[in-house]
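To start, the structure under review is shown below, and the notes come after it.
A note on names: the letters A, B, ... follow the listed sequences, proteins ahead of strands, and every chain is numbered from 1.
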Amino acid sequence: DTEVTQTPKHLVMGMTNKKSLKCEQHMGHRAMYWYKQKAKKPPELMFVYSYEKLSINESVPSRFSPECPNSSLLNLHLHALQPEDSALYLCASSQDETSVYNEQFFGPGTRLTVL
Amino acid sequence: GEDVEQSLFLSVREGDSSVINCTYTDSSSTYLYWYKQEPGAGLQLLTYIFSNMDMKQDQRLTVLLNKKDKHLSLRIADTQTGDSAIYFCAERVGGYQKVTFGIGTKLQVIP
């Protein structure tokens with residue numbers, strides 16, 4: 001299984017809602033990532049988890065809250081978002097931070113619209 | 001600093017070769033990658049090159065790296081309509097997990 005799955009595929013939420021994005025992989029990878037991608041832009045790194053601990057937070061606003069319950073799962077909890085947070089949210093995983101090559105496998109993304 | 005630049009658009013005829021170019025600024029980059037993104041989908045790693053290599057060939061794909069000029073290119077031979085997508089150049093610096101992506105080149109293949 002070389003797949004990273006993300007749910008839901010699409011999400012529409014109001015600015016007062018609380019929702020969560022989910023990501024799962026069963027490749028035994030120990031590093032997992034959240035990226036945000038706006039239209040016609042490259043993916044921008046948000047968070048990195050390594051061995052279930054947060055290792056990189058790219059100064060992301062606190063209305064985005066990541067969580068790594070176990071080595072296979074990565075969540076992104078959303079609260080009080082703004083319309084400018086509408087984007088494609090991509091999850092990725094890689095073997096671990098010590099891997100020389102460290103290929104990142106990407107999920108298909110969740111298309112988020114904030115009204 | 002880290003900055004990866006690419007041209008925005010490339011149009012080629014089916015069967016021709018495509019060459020997508022990229023420049024980067026961080027001379028300590030260790031790995032350079034090419035990713036493909038089809039509409040509405042995530043990113044798929046196509047190929048990569050280690051910074052001590054000049055060239056890498058993988059079936060229809062050829063990657064050339066000029067470290068002196070910090071220039072990376074991806075050549076797709078016999079381009080097919082299924083190759084239409086956005087191609088991202090990306091760099092990884094040292095042992096860090098962070099990968100910085102270029103803005104992406106949209107490849108349009110005309111039948």
Side-chain angles (χ1 to χ4, degrees), chain A residues 2-7 9-10 21 23-25 27 29-51 53-60 87-112, chain B residues 1-10 20 22-26 28-53 56 58 63 72 85-108:
Chain A
T2 58
E3 198 179 34
V4 176
T5 58
Q6 290 187 243
T7 55
K9 282 192 173 182
H10 300 274
L21 308 185
C23 174
E24 190 166 2
Q25 56 87 15
M27 294 178 276
H29 288 172
R30 303 312 300 269
M32 295 186 78
Y33 310 75
W34 280 117
Y35 288 86
K36 174 182 177 179
Q37 186 179 23
K38 301 281 277 184
K40 296 187 168 68
K41 297 287 187 186
E44 293 178 2
L45 184 66
M46 300 173 73
F47 303 104
V48 180
Y49 271 83
S50 180
Y51 290 86
K53 292 197 180 342
L54 184 65
S55 63
I56 295 178
N57 177 342
E58 290 285 298
S59 303
V60 179
L88 180 68
Y89 287 84
L90 294 164
C91 173
S93 71
S94 65
Q95 196 168 7
D96 61 42
E97 62 181 331
T98 63
S99 167
V100 174
Y101 168 41
N102 204 28
E103 174 185 355
Q104 292 186 24
F105 290 81
F106 281 81
T110 293
R111 175 75 60 191
L112 174 68
Chain B
E2 300 167 14
D3 200 9
V4 181
E5 295 184 356
Q6 298 178 240
S7 53
L8 291 177
F9 187 75
L10 176 65
I20 303 171
C22 167
T23 57
Y24 60 97
T25 56
D26 198 319
S28 57
S29 294
T30 52
Y31 278 96
L32 294 141
Y33 307 87
W34 283 105
Y35 282 87
K36 176 184 180 183
Q37 186 177 33
E38 298 186 30
L43 278 73
Q44 174 196 356
L45 180 68
L46 287 179
T47 188
Y48 67 94
I49 190 166
F50 190 46
S51 57
N52 69 352
M53 298 167 67
K56 181 178 180 183
D58 184 0
V63 179
L72 182 73
I86 298 177
Y87 290 80
F88 291 96
C89 167
E91 64 174 347
R92 176 183 166 204
V93 177
Y96 296 108
Q97 298 154 317
K98 183 175 178 180
V99 173
T100 301
F101 290 85
I103 197 164
T105 298
K106 185 173 182 178
L107 174 65
Q108 179 188 52

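Residue A:E58 touches chain B through its side chain alone, counting heavy-atom pairs closer than 4.5 Å. When heavy atoms are compared at a cutoff of 4.5 Å, A:K40 approaches chain B solely by way of its backbone atoms N, CA, C and O. Heavy-atom distances place no part of B:Q6 under 4.5 Å from chain A, backbone and side chain included.
The two atoms that bring B:F101 and A:P42 nearest to each other are CB-CB, 3.7 Å, heavy atoms only. Minimum interatomic distance between B:L43 and A:F106 (heavy atoms only, all atoms of both residues): O-CB, 3.2 Å. Of all heavy-atom pairs spanning A:Q37 and B:F88, the tightest one is NE2-CZ, 3.5 Å.
In the displayed structure, B:K106 atom NZ is contacted under 6.0 Å by at most 12 heavy atoms of other residues, nucleotides or ligands. Heavy-atom neighbours of A:E44 CD from other residues, nucleotides or ligands within 6.0 Å: at or below the threshold of 12. Within a 6.0 Å radius of NZ in A:K41, other residues, nucleotides and ligands contribute 12 heavy atoms or fewer.
Distance CD/A:Q104 to OH/B:Y35: 5.0 Å, rounded to 0.5 Å.
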